[in-house]
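Report on the following structure.
Chain identifiers are assigned alphabetically (A, B, ...) following the order of the sequence lines, protein sequences preceding nucleic acid strands; residue numbering begins at 1 within each chain.
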Number of protein chains: 2
Amino acid sequence: MARAATTSDAFNAVAEPRRREILNYLALAERPVGDIVAGLGLEQPSVSKHLRVLRDVGLVRVRRNGRHMLYRTNAEAIRPLHDWTKTFERFWGHQLSRIKERAEAGSKEPDKE
Amino acid sequence: MARAATTSDAFNAVAEPRRREILNYLALAERPVGDIVAGLGLEQPSVSKHLRVLRDVGLVRVRRNGRHMLYRTNAEAIRPLHDWTKTFERFWGHQLSRIKERAEAGSKEPDKE
DNA sequence: TTGACATATTCCCATATAGGTATATATATT
DNA sequence: AATATATATACCTATATGGGAATATGTCAA
């Protein structure tokens with residue numbers, strides 16, 4: 001098998017750096033494709049294709065305005081990523097005691113040095 | 001061009017669901033490969049290969065103990081993901097107070113909508 | 001040393017890319 | 001209707017993938 005499709009979920013979709021840039025760019029306000037092209041210095045077809053992926057996974061929303069397609073970031077779709085990363089927050093934010101960590105892990109490996 | 005390598009950064013590495021499972025599994029305590037194989041029900045070579053990717057991007061650390069290789073999640077490497085998703089936090093309206101939010105972010109920006 | 005155990009690597013393969021170029025579709029303007 | 005503008009799609013290609021199977025490497029035990 002090959003890699004999972006970029007459209008399979010938000011994790012795969014945001015793995016591409018340009019798509020993250022686009023999401024950043026569209027976070028504060030909706031913008032037409034041409035603005036993204038100019039703002040990020042990408043080829044127009046490339047932007048359209050990235051937007052297609054982002055749209056398929058719900059990371060952006062679109063509405064038509066004349067001949068312009070206005071895209072904006074749907075922050076809600078980023079939440080699963082945030083939630084997942086958040087589960088590791090405890091390991092760098094406030095450090096948990098090793099004893100409690102070990103107890104929660106239920107490891108059978110000796111925790112020796 | 002093809003997609004960026006899974007080993008190019010943490011974003012690409014965690015796009016694979018199994019790798020996220022492995023990171024979850026290794027978050028609380030270091031474990032040998034065999035535990036992951038049994039715990040997650042994956043093929044051994046598959047686990048080794050996933051660990052190789054995770055290791056290449058610094059998402060896991062290893063040490064040898066006899067014939068066992070003990071892996072553990074390096075939560076610090078997940079931080080960039082968390083940081084990026086965090087920039088969208090304000091758009092979905094969590095329960096954290098804006099004051100605390102600003103303090104944690106260390107932001108100098110006005111906290112406007 | 002030989003054998004068992006634990007993990008890593010290699011090889012094969014079907015597949016989905018991302019970029020570039022060209023073209024198609026849709027809407028507005030005249 | 002004809003044309004310009006805005007965006008989307010089709011086509012091509014090199015490439016890295018993840019799974020499976022087989023094998024290699026490394027370590028301990030007898």
Side-chain angles (χ1 to χ4, degrees), chain A residues 1-23 25-26 30-57 59-72 107-110 112, chain B residues 1-23 25-26 30-57 59-73:
Chain A
M1 268 189 189
R3 229 201 282 201
T6 56
T7 51
S8 53
D9 57 34
F11 284 93
N12 279 279
V14 306
E16 166 65 40
R18 268 65 191 277
R19 282 196 285 267
R20 289 200 300 280
E21 289 179 29
I22 291 174
L23 290 174
Y25 194 75
L26 299 174
E30 62 182 2
R31 291 183 190 274
V33 179
D35 275 21
I36 308 173
V37 171
L40 302 184
L42 303 174
E43 297 294 325
Q44 178 267 315
S46 179
V47 170
S48 277
K49 281 185 279 188
H50 283 314
L51 288 170
R52 181 62 170 151
V53 172
L54 293 173
R55 201 179 162 194
D56 283 351
V57 297
L59 279 163
V60 296
R61 294 283 169 70
V62 215
R63 75 180 175 95
R64 176 180 283 284
N65 185 15
R67 17 183 179 182
H68 296 268
M69 294 295 273
L70 300 178
Y71 285 86
R72 65 184 168 85
S107 171
K108 282 159 190 154
E109 271 292 319
K112 63 192 170 193
Chain B
M1 269 187 189
R3 232 201 280 199
T6 56
T7 52
S8 55
D9 57 35
F11 283 93
N12 279 279
V14 307
E16 167 63 42
R18 267 67 191 271
R19 284 197 283 268
R20 289 200 300 278
E21 288 180 27
I22 291 175
L23 289 174
Y25 193 75
L26 299 174
E30 61 182 3
R31 293 185 190 271
V33 179
D35 274 21
I36 308 173
V37 171
L40 302 184
L42 304 173
E43 297 294 324
Q44 178 268 314
S46 179
V47 170
S48 277
K49 281 183 280 190
H50 283 313
L51 287 170
R52 182 62 170 148
V53 172
L54 293 173
R55 202 179 161 194
D56 283 351
V57 296
L59 279 163
V60 296
R61 295 281 169 71
V62 215
R63 76 182 175 95
R64 176 179 284 285
N65 185 14
R67 14 182 180 185
H68 297 268
M69 294 295 274
L70 301 179
Y71 285 86
R72 65 185 168 85
T73 296

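Between B/His68 and C/dT7 there is a side-chain polar atom (N or O) within less than 4.0 angstrom of OP1 or OP2. The phosphate of D/dT9 (OP1 or OP2) has a side-chain N or O of A/Arg52 nearer than 4.0 angstrom. Between B/Arg3 and D/dT17, a side-chain N or O to OP1/OP2 separation shorter than 4.0 Å is absent. Using a 4.0 Å cut-off, some side-chain N or O of B/Ser46 falls inside it from OP1 or OP2 of D/dG19. Contact between the side-chain N/O atoms of A/Thr6 and the OP1/OP2 oxygens of C/dT17 is found at a separation under 4.0 Å. The phosphate of C/dA4 has neither OP1 nor OP2 within less than 4.0 Å of any side-chain N or O from B/Arg67.
A pairwise comparison of heavy atoms in A/Val33 and A/Ser48 identifies CG1-OG, 4.3 Å as the closest pair. Considering every non-hydrogen atom in both B/Tyr25 and B/Gly39, the closest pair reads OH-CA, 3.9 Å. Residue B/Arg19 comes nearest to B/Asn12 through the heavy atom pair NH2-O, 4.0 Å, listed as atom of the first residue, atom of the second, then distance.
At a cut-off of 3.5 angstrom, counting only N and O atoms as typed in the model, there is a donor on one side and an acceptor on the other between the side-chain of A/Gln44 and the base of D/dA8.
Along DNA chain C, the nucleotide nearest to A/Asn12 and the one nearest to B/Tyr71 differ in position, and the one closer to the 5' end is contacted by B/Tyr71. For A/Ala4 and A/Pro45, each mapped to the nucleotide of DNA chain C holding its nearest heavy atom, the one lying further toward the 5' end belongs to A/Ala4. Projected onto DNA chain D by closest heavy-atom contact, A/Lys49 and B/Ala2 fall at different nucleotides, the more 5' of which corresponds to A/Lys49.
For A/Met69 and C/dT27, the CE to C1' distance is 11 Å, given to the nearest whole Å. Atom P of nucleotide C/dA18 and atom CG of A/Asp56 are separated by 12 Å, given to the nearest angstrom. Atom CE in A/Met1 sits roughly 16 Å away from atom C1' in D/dA21 (whole-Å rounding). Regarding A/His50, its NE2 atom lies at a distance of 16 Å from the P atom of D/dT7, rounded to whole Å. Spacing between atom CG of B/Leu40 and atom P of D/dG19 amounts to 12 Å, rounded to whole angstrom units. Separating the CZ atom of B/Arg64 from the C1' atom of D/dT27 is a distance of 7 Å, rounded to the nearest angstrom. The CG-P distance, from B/Leu26 to C/dT7, rounds to 12 Å in whole Å. Distance, B/Leu70 CG to C/dA6 P: 13 Å, rounded to whole Å.
Which of C/dG19, D/dG19, D/dA8 sits closest to the side chain of A/Glu16 comes down to C/dG19.
Ion pair A/Arg63/A/Glu30 flagged as a salt bridge, since at least one NZ, NE, NH1 or NH2 atom sits closer than 4.0 Å to an Asp/Glu carboxylate oxygen.
Residue-level contact check: A/Arg55 touches neither bases nor backbone, having no heavy atom under 4.0 Å from any strand. Among the heavy atoms of the strands lying under 4.0 Å from A/Glu43 are primed sugar atoms or P, OP1, OP2 only; no base atom is included.
With rounding to the nearest 0.5 Å, the separation of OG1 in B/Thr73 from CG in B/Leu23 is 4.5 Å.
Side-chain contact check for B/His50 and B/Arg18: no donor-acceptor pair (N or O, by modelled atom type) lies under 3.5 Å.
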